[in-house]
Amino acid sequence: MIGRLEKTVFDCPDPRGLAAFYAEILGMRVLENEPDWVVIGREEHMRELAFQKVDPYVAPRWPEREHPQQLHLDISVEDFDPAIEAVLALGAVRRPGAPETGYRVFEDPAGHPFCLVHGRKVPDPRFSQTQRVSG
């Protein structure tokens, strides 16, 4: 291994606004908060997503090839209906895909595509309920 993934960085016109959008969806909190740079994560040491101001910003236009999405997040949910309602209330825009088997496509407030993916609940190994006893 050469290195470890530090975080994923989004270009956007409003770092604080987009960070708040994803922090609410993913249960993260702001770890760094500068006018042109915001980092969020689940824990203090977990710098998972960052948002940097770009001016002028050109949003991707999914699914147009002339303005490609470049990347997108898949966000696992257990129930589509309440998750869809929640992301729309936060400012997401619905972008139906085809055939949408097991996922739903949206754009965040800066125009980046993301998907809500219907999936099974996967336990986070960092928060294991079993305690290990050393002997």
Side-chain angles (χ1 to χ4, degrees):
M1 175 174 70
I2 295 172
R4 292 196 165 108
L5 179 65
E6 168 76 14
K7 64 190 154 305
T8 300
V9 181
F10 287 85
D11 288 350
C12 61
D14 176 15
R16 288 180 174 151
L18 199 56
F21 175 83
Y22 280 109
E24 183 69 25
I25 291 173
L26 299 170
M28 294 182 178
R29 62 183 184 205
V30 174
L31 304 177
E32 295 178 34
N33 190 355
E34 300 295 327
D36 295 341
W37 176 259
V38 179
V39 178
I40 64 174
R42 289 171 283 173
E43 299 290 333
E44 189 64 36
H45 63 281
M46 298 175 70
R47 302 172 71 227
E48 297 174 273
L49 295 177
F51 307 87
Q52 66 183 358
K53 184 174 180 133
V54 174
D55 187 21
Y57 172 71
V58 178
R61 294 186 195 148
W62 182 87
E64 293 180 22
R65 296 188 193 280
E66 296 80 34
H67 298 90
Q69 64 180 331
Q70 300 164 13
L71 68 89
H72 73 272
L73 296 180
D74 283 348
I75 300 170
S76 179
V77 299
E78 292 184 47
D79 188 351
F80 275 134
D81 292 334
I84 289 169
E85 184 177 316
V87 299
L88 291 174
L90 291 170
V93 176
R94 181 83 161 87
R95 296 291 184 225
E100 286 199 332
T101 305
Y103 69 93
R104 303 293 182 267
V105 180
F106 298 84
E107 287 180 4
D108 68 24
H112 303 104
F114 71 94
C115 295
L116 295 182
V117 179
H118 189 265
R120 60 184 169 81
K121 188 172 184 175
V122 179
D124 188 328
R126 294 172 301 122
F127 304 107
S128 173
Q129 293 182 357
T130 47
Q131 298 286 331
R132 295 184 187 191
V133 179
S134 54

Practice task
Please check if atom CD in Glu32 has more than 12 non-hydrogen atoms from other residues, nucleotides or ligands closer than 6.0 Å.
Solution key: yes
Handout entry: Heavy-atom neighbours of Glu6 CD exceed 12 at 6.0 Å
Key = yes
Problem - Residue pair Asp11 / Gln52, side-chain donor-acceptor N/O under 3.5 Å - result: yes
Is [Y] reachable from [X] through a run of hydrophobic residues whose side-chain heavy atoms are each under 4.5 Å from the next?
{"X": "Met46", "Y": "Val39", "value": "no"}
{"X": "Phe21", "Y": "Val38", "value": "yes"}
{"X": "Val30", "Y": "Leu49", "value": "yes"}
{"X": "Trp37", "Y": "Tyr57", "value": "no"}
{"X": "Val77", "Y": "Leu88", "value": "yes"}

Between [X] and [Y] (side chain of the first, backbone of the second, donor and acceptor by atom type, cut-off under 3.5 Å), is there such a pair?
{"X": "Asp108", "Y": "Gly111", "answer": "yes"}
{"X": "His112", "Y": "Leu73", "answer": "no"}
{"X": "Glu107", "Y": "Arg95", "answer": "no"}
{"X": "His118", "Y": "Glu78", "answer": "yes"}

Exercise for the section: Hey, can you tell me if Phe114 and Tyr22 have their rings parallel, tilted or perpendicular (30° and 60° cut-offs)? Expected result: perpendicular
Practice task
Please report the shortest heavy-atom distance between Met28 and Glu48, naming the atom on each side.
Solution key: CE-OE1, 3.6 Å
Problem - Nearest heavy atoms of Gly91 and Pro109, plus distance in Å - result: O-CG, 4.0 Å
How far does [atom1] of [X] sit from [atom2] of [Y], to the nearest 0.5 angstrom?
{"X": "Leu116", "Y": "Phe106", "atom1": "CG", "atom2": "CZ", "answer": "4.5 Å"}
{"X": "Glu24", "Y": "Arg29", "atom1": "CD", "atom2": "CZ", "answer": "15.0 Å"}
{"X": "Cys12", "Y": "Asp36", "atom1": "SG", "atom2": "CG", "answer": "9.5 Å"}

Practice task
Apply side-chain contact (heavy atoms from CB on, under 4.5 Å) to Asp14 and Lys53, showing your working.
Solution key: CA-CA 6 Å; Asp14 176 15; Lys53 184 174 180 133; over 6 Å; no
Does a side-chain heavy-atom distance below 4.5 Å link [X] with [Y]?
{"X": "Phe51", "Y": "Ile40", "value": "yes"}
{"X": "Glu44", "Y": "Leu31", "value": "yes"}
{"X": "Ile25", "Y": "Val87", "value": "yes"}
{"X": "Val117", "Y": "Ile75", "value": "no"}

Exercise for the section: Assert yes or no for the condition that the ring centre distance of Tyr103 to His72 is strictly below 6.0 Å. Expected result: no
Practice task
Considering only NZ, NE, NH1 and NH2 on the basic side and carboxylate oxygens on the acidic side, decide whether Arg61 and Glu66 come within less than 4.0 Å.
Solution key: no
